[in-house]
Amino acid sequence: PPAAPPAALPAAPSAAAGPVVSAPAVSDRVRSLEQLEKGCKLIREMNFGVSGSNTDAAITAFESFQRGVTLVVQSSSTDDDKILEEMENKDSYLEFFTAFKERKRMYRSRVDSLVTKLLQYEPWAIAVKADPSSLACFRELLDGPPEEPPAPPPAPPPAPPP
């Protein structure tokens, strides 16, 4: 079944309401939300799947979503952060990112970079931890690189000759 769209994007403040936010800040916020919505729409249109027949579309969808997330993360506004936090179907988006990472080797570090940005938001971290395939794919991003095993203890000194 088609997935529900992410939480509705908030409208830009109206000019009649007074100068709440400067024009550049509003246009940056609107641009980031529009880019995010474009990426969400493209991924939803693919039913959150990546196959051999739709890799070009998957690349376009991933790049659009990634640009939107990057703009939101870099934004000084916290309103657009709420959109990422409240987005529906996080598990479906994570399935898409997992499949994309597995199929498109050249994009692995970019997928990890995107998911690292999403993990700044607690609802996304919870979603990754709740899904076994996402957790397996992105565990290192949650835990950091695996620790080196401790060095073995030094060998005891040789026994004195009898």
Less than 4.0 Å between a side-chain N and a carboxylate O, is that true for Lys90 and Glu85? no
Going by atom types alone, do Ser51 and Ser53 pair a side-chain donor with an acceptor below 3.5 Å? yes
Give the minimum heavy-atom separation between Ala61 and Met46, together with the two atoms involved. CB-SD, 4.0 Å
Do Glu95 and Ser133 have side-chain atoms, one donor and one acceptor, less than 3.5 Å apart? no
Among Tyr93, Phe97, Phe96, which one satisfies ring pair (Phe, Tyr, Trp, His ring centres under 6.0 Å) with Phe48? Tyr93
Distance, nearest 0.5 Å, that separates CG of Leu33 from OG of Ser77: 8.0 Å
Can you find a side-chain donor-acceptor pair between Ser92 and Asn89 that sits under 3.5 Å? no
Hey, are Glu45 and Lys41 close enough for a salt bridge, meaning a charged N less than 4.0 Å from a carboxylate O? yes
For residues 117-127, which side-chain donor-acceptor pairs fall under 3.5 Å, sequence neighbours excluded?
unit_1, atom_1, unit_2, atom_2, d
Lys117, NZ, Thr70, OG1, 2.9
Tyr121, OH, Asp81, OD1, 2.9
Trp124, NE1, Leu84, O, 2.8

To the closest 0.5 Å, what do you measure between OG (Ser134) and CZ (Arg139)? 11.5 Å
Phe100/Ile59 under side-chain contact (heavy atoms from CB on, under 4.5 Å): CA gap, chis, key distance, verdict: CA-CA 8 Å; Phe100 188 73; Ile59 290 169; 4.0 Å; yes
Could you state the interatomic distance from CG (Leu94) to CZ (Phe138), rounded to the nearest 0.5 Å? 6.5 Å
Should Glu63 and Arg110 count as an ion pair when the cut-off is N to O under 4.0 Å? yes
Please round to the nearest 0.5 Å and tell me the distance separating atom CD of Glu37 and atom CE of Met87. 9.0 Å
In this structure, CZ of Arg67 is separated from CD of Glu34 (nearest 0.5 Å) by 13.5 Å
Is the closest side-chain heavy-atom distance between Phe62 and Leu114 below 4.5 Å? yes
Out of curiosity, Arg31 CZ to Leu36 CG, how far, rounded to the nearest 0.5 Å? 13.0 Å
I need the minimum non-hydrogen distance between Gln35 and Gly68, along with the two atoms involved. CG-N, 3.3 Å
For Val115, the option from Thr98, Leu142, Leu141 that meets side chain to side chain contact (heavy atoms under 4.5 Å, CB included): Leu141
